[in-house]
Structures are given as structure tokens and as C-alpha cells.
Amino acid sequence: MTLARLSVVLTSLIAALVTALFARIFLDEWQRYRSLGEGLVSMQAARQALVVAEKLAFERGPMNAVLGDGDSPTPDHRARLAASRARSDATMEKLVDYIELAGHAADRDTLPLLEETARAVARARAEIDRLADLPRSRRDPVAVRQAQQDMFAVVPPLMAAHTALSRNATDAYRPISEGMAGARMCAELREYAGQLGSQFTVALTTGQPLTPTDHQSIGFLHGRLVQLQTLVQRPLMRLPPDAPARVALETMDRRYFGSGLHFVFLMQERSRLGEPYGYDAAAFAQRYVPDMQPILDLRDVLVQDAFAGAQEARSVARRRLAITGSLSALILAALAVSAWALRRRVVRPLLAAAQTLRDIADGQLDKPVPGSDRTDEVGAVQDALQRLRTGAVEKRRLEREHIHLIEDLERLSLTDPLTGILNRRAFTEALRNSATRADARHLPIAVMLFDIDHFKQVNDRHGHEAGDRVLMRVAAVAQNMLRTGETVARYGGEEFIVLLVHPDPAGAMRAAERLRSGIEAACIDLQNGQQVRVTASFGVATARNALCNLEDLLRAADTALYAAKAQGRNRVVLAQDPGA
């Protein structure tokens, strides 16, 4: 067989293989594109399931107001309850529409669950209406609590439907799993928060103290809320401070876990003390429910981020589908036009050379370059590839050494070599950045400066190595006791400084006292087997104006530290606000 014929046969075979390969790639891209489309519908249905749960949870506010009314519920409370029920029903119908139109067959498997949920909602509403029609004196507290529990019980099936729909969506696009899981936890947070508020309905209706069972339920629900808060916070704390999800998280922490829970605990304390509540069921809901809104806002941000990511992935899949089709056509046309010019002695070496180039470009430098004793152009190409690979290996080695050198220099420039914590320079930069962020949110800023008492005596009595151990132990205690976002640095010698996370003066003093006690309680092992304990004196300075002169803030903390030493050491002194 002549080389020309051989090249035609080989080219035809390559064309067939390329056609099959691109057909498979095109089919895979099409399947991905279609799957992402179905996943987006599943995501919309999953989000709608959370909205249904939200609306049913909102029903409990007007429901509690009606059950807490006098012998006859007020028309306004009746109207609010009817409007809330209408919104719940509308969102449920929209969810059913989403699922019935879904391309994913597994989505439609949730319809029986939703039908059972609708029947449970109808039964619970009927019981609530029956109790509301009774005179107030005949509304059995046990029956009221059971009616509340019946409304609580309709939410878990919706969460199960959301989980199934989310699973269908994440099967199409895995990166949204974290966002959808966070949205689910936010929905559970909102549900538990609603249940926490409902614990007060009977007590507010009857004007009686909470029962021991109520207190126990409140404690359990609070613990569950804190647990869910931690689970929601964990992945979001990796985001930049200005990311929408991070901002929504901080708003939720401030509004609900600050203001909302404070109000709940205030009402619980009034119950323990036998004091008047000062609120009926309707007023309690008007005060408490708005503080739960940031939980739903965070949920919506997480769902929106996940939805945007899936939409972008589908757009990418669409572009890849178009590129794959276009590229396939171009390559096949090029093969057809160039078939007569290809020869075995050119095609195969060039393919090998191309693979070698790809390996080098991809960083796979461990693969050898095919050798050859040819003296023609192909041999020259292979020789050039060998030199290129050798140069790439050397370049990679130099780049790694350069990166390691830069990392070492950066670490040494920012950390104290003895204790491993930030040094004074790095702390100053962190303080300046924190002050800028705090000013943008109108938040205070605080620092605590502390000094190890009688440190020179430790060096004189036990040697400088013992002093180093003391410094390292104190730094470790400080790091372990600080909260998320708080920063400790070695300020010089035996002096340390801490940047606190927007506390008021009382909070700053508590943080300093906690750290002072931790240092005093720490037992430090020396190399000779002895143990020593040390104390520290603290100067705390806070500023309501985050953009006050930072030098003044540090000077105030230093002055307070000297005052602590003058007053006998091992104590905390608060400086006057330098921005006041």
C-alpha cells in the first residue's frame, strides 16, 4: 500500500474516530445542559417548598393572636388570619404547579406528600377555628397547645419535600449543595424560632406563669437554635465581609440572636419573677416576629446565590455545546480538505510531538519525550521538545523555590518568631482595617493591652529559656480564649495587645477579665521540670467612634495598663473613651 493510500485510510479512520469522539462529547454536553435545566426547575420547586413552610409558620402569629383574644376574636385578628391562610394556600398551589411542570420525574414523587400536608393543614385549621369560637374561659390550654403542635407538624413534611427536591437539583449541579443545605437550615431556624415564640401563647392568653414544661421546651428550642446558628455560620465565615451572604448572616445574628432572643428571655424572666408580661399574644407576635425576618433574608440570599451559580453553569454548558458542535464541524472539514497531504511519517510524529507539548503545557513533566535519531525536521522538533522539557523542569524548580522564599518572608514579616502570633506591625495593620470596617457599620472598636507581671523576675530566677516558655504559654492561652474575629499580637517584650470585636466597654472589660483569669490559672512547665504561674495587668480602651485617632486609642490603653500596675497588678483597668 502506497503512502498516499495509507495516509487516506488513516485519515479516514481518524475522521471516523474524531466524529465518534465529538459525537460523544456533544451528547454529554447536551445531557449536562438538559440536566441543568431540570435542576433549575427543581431548585425553584425546592425554594417554593421553603416559602410554603415560611407562610405556614407565619400563620401561627395571627393564629396565636386569635387564640389569645377574649370570648370573641376581634375582626382585625380574624381578617389577618384569613389573609395569612390565603397566602399559604396560594404558595402551596404554586409549589404544586412547579412540581407538575418539572422535567425531573423524581420531583413529582413529592406530590403525595404535599397532598397529605394539605389535608393536615385543613384539619389543624378547623381545630383552631373551633377553639377560637369558644369563650376564652372554655379554651383548654392543653387543646390550645395541641392545636399549635398540629400546625408545627405540617412543616417537617415540607422540609422532607424540600430535601428531595434539593437532592434532584444538586444531582444536576453539585456546587449548589452547600447553599441549598444552608437555606434548609435557615428554614429550620425560622421554624424553631416560631416554635419558641409559640411557647408563650397559653401563658399570655391566661396571664399565668410559664409551666416547668414550657421552660424546658424553651431551653431545648434555644439550644437547637444555637446549634443551627453554628452550622449556618461555619461555611459563611469563609466569605469576604462584604459578601451578601456574610452581611445577611451578621444581620441575622444581630437582629434575631441579639434583639429577638433577648426579648424572649426577658419575657421568660418576668414569668419566673411573677411580674406582668406587659404583652398579650398579638402584641407579643408584633414585637417578636419582625426579628425573625433576617433569618428568611439569609435563606433567600443563599438560594439566590445557588440559583445564580446554576444559571451560570447552564450558560457555560450552552456555550460549550455550541463550541463543541462548531469545533467538530471545523475539524472534520479540515480533515476532508487536507487528507491528500497527510503522510504517515508526518502525522504520527506530529501527534506525538503535540501530545508532548500538551504534557509540558499541563505541567506533566515526568513523561519522557520520545527519542529519535532522525536528522530531518521531525528529528529537529523532537530535539527541541527535549530541550523545552528540560527548561520547563528547571523553571518549575526555580518557581517553587521562589514561592517558598516569598511565603517565608511574608510569614516572618507578619508573625512573632517566638510565639507564632502576629507581631506589632501586622497588628497595627489589622487595627487600621478593623477601624475602617467598624466605621462603615457605625460600630465601636476596642483594644486591650496587657503585660506579664514581674517578668524580669522569671528570667532572673529561671533563665531566659523559662521566660520564653512563659511568653509562648501566655500567647497560647490568649489565642485559645479569644473569640472568632478577635486578634492577639505580641506588642513588644512581655507586652501583648488584643483587638476585640466591636464590644461596648462592659463587654471589653468582661473579655479582659476572662483572659486575665485564664493567664492566672495557667500552669507553665519549665524544661527543668519545675512549674511557674504568672499574672498579667490589663489596660482596656474603647472608642465609640471607630475612626478616632488610633494612636490615642493605643495611648489610652497604655495609660490604663500603667494604672493597673500602679494599683497592684493582676487587674483590669478601663481607660476613658479617647473619642468621647
Side-chain angles (χ1 to χ4, degrees), residues 54 57-58 61 179 182-197 218 221-269 279 284-305 430-431 433-447 482-487 498-511 514 542-547 577 579:
E54 167 197 336
F58 274 131
R184 157 106 190 217
M185 286 186 285
C186 287
E188 291 184 7
L189 260 175
R190 171 59 180 82
E191 176 61 18
Y192 281 111
Q195 292 187 27
L196 182 63
I218 290 171
L221 291 170
H222 176 249
R224 184 58 177 152
L225 285 167
V226 172
Q227 183 183 35
L228 286 170
Q229 179 194 22
T230 302
L231 293 175
V232 171
Q233 283 177 336
R234 190 172 298 158
L236 299 185
M237 292 306 292
R238 300 193 298 264
L239 299 176
D242 58 345
R246 179 77 176 272
V247 173
L249 172 67
E250 292 174 356
T251 302
M252 180 191 74
D253 290 345
R254 183 177 65 255
R255 284 280 303 281
Y256 181 72
F257 288 92
S259 173
L261 288 185
H262 174 76
F263 174 67
V264 168
F265 295 146
L266 175 64
M267 298 295 288
Q268 188 180 17
E269 186 62 20
Y279 292 84
F284 177 91
Q286 291 176 354
R287 165 62 181 84
Y288 178 68
V289 170
D291 283 337
M292 294 189 287
Q293 182 59 39
I295 302 175
L296 300 178
D297 294 341
L298 175 58
R299 178 205 67 188
D300 291 341
V301 169
L302 292 174
V303 172
Q304 183 58 38
D305 287 349
L431 177 61
N433 294 337
S434 181
T436 301
R437 291 194 300 269
D439 177 71
R441 303 178 198 168
H442 305 290
L443 296 173
I445 190 170
V447 297
L482 291 181
R483 296 176 179 174
T484 301
E486 296 176 343
T487 303
V498 176
L499 171 61
L500 300 176
V501 183
H502 314 314
D504 54 18
M509 287 292 287
R510 287 193 299 271
R514 185 169 58 249
T542 65
R544 292 187 299 275
N545 177 9
L547 285 184
D577 186 346

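In this chain, residues are counted from 1 in sequence order. These figures come from a predicted structure and were not determined experimentally.
Between the CG atom of Leu189 and the CD atom of Gln227 there is a distance of 10.0 Å, given to the nearest 0.5 Å. Separating the OH atom in Tyr288 from the CG atom in Leu196 is a distance of 4.0 Å, to the nearest 0.5 Å. Note that CD of Gln293 and CZ of Arg190 are 8.5 Å apart. Values are rounded to the nearest 0.5 Å. Atoms CD1 and CG, on Ile218 and Leu261 in that order, are 11.0 Å from each other to the nearest 0.5 Å. Rounded to the nearest 0.5 angstrom, Thr436 OG1 and Leu431 CG are separated by 9.5 Å.
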*Can you check side chain to side chain contact (heavy atoms under 4.5 Å, CB included) on Val498 and Val447, steps first, answer last?*
CA-CA 5 Å; Val498 176; Val447 297; over 6 Å; no

*Please test Tyr192 against His222 for ring pair (Phe, Tyr, Trp, His ring centres under 6.0 Å), starting from the C-alpha separation and ending with a verdict.*
CA-CA 8 Å; Tyr192 281 111; His222 176 249; over 10 Å; no

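With Arg255 contributing its side chain and Pro290 its backbone, the two residues share a donor-acceptor pair below 3.5 Å. Glu486 places a side-chain N or O within donor-acceptor distance of the main-chain N or O of Arg483, the cut-off being under 3.5 Å. A donor-acceptor contact shorter than 3.5 Å links the side chain of Arg246 to the backbone of Leu239. Panel note: side chain Thr251, backbone Val247; a donor-acceptor pair is recorded below 3.5 Å.
For an aromatic pair to be called close, the ring centres must be under 6.0 Å apart, and Phe263 with Tyr279 satisfies this.
The two atoms that bring Ala193 and Ile295 nearest to each other are CB-CD1, 4.3 Å, heavy atoms only. Closest heavy-atom contact between Ala245 and Asp305: CB-OD2, 4.1 Å. When all heavy atoms of Thr542 and Pro505 are compared, the pair lying nearest together is OG1-CG, 3.6 Å. Closest approach of Ser434 to Leu499, counting heavy atoms only: CB-CD2, 3.5 Å. Heavy atoms only, all atoms of each residue included: Pro503 and Ala446 are closest at CG-CB, 3.7 Å. Scanning all heavy atoms of the two residues, the minimum distance from Ala183 to Arg299 falls at O-CG, 3.6 Å.
The side-chain heavy atoms of Val301 and Leu249, taken from C-beta on, include no pair separated by under 4.5 Å. A heavy-atom distance below 4.5 Å is found between the side chains of Leu225 and Tyr256. Here the side chains of Gln233 and Leu236 are not in contact, with every heavy-atom distance at 4.5 Å or above. A 4.5 Å side-chain heavy-atom check between Ser259 and Arg287 finds at least one atom pair inside the cut-off. Between Thr487 and Leu500 the shortest side-chain heavy-atom distance does not fall below 4.5 Å. Using a 4.5 Å heavy-atom cutoff, the side chains of Met252 and Asp297 are not in contact. Inter-residue side-chain proximity for Cys186 and Leu296 is flagged as unmet; no heavy-atom pair is nearer than 4.5 Å.
A salt bridge links Arg184 with Glu188; the closest basic N to acidic carboxylate O contact falls under 4.0 Å.
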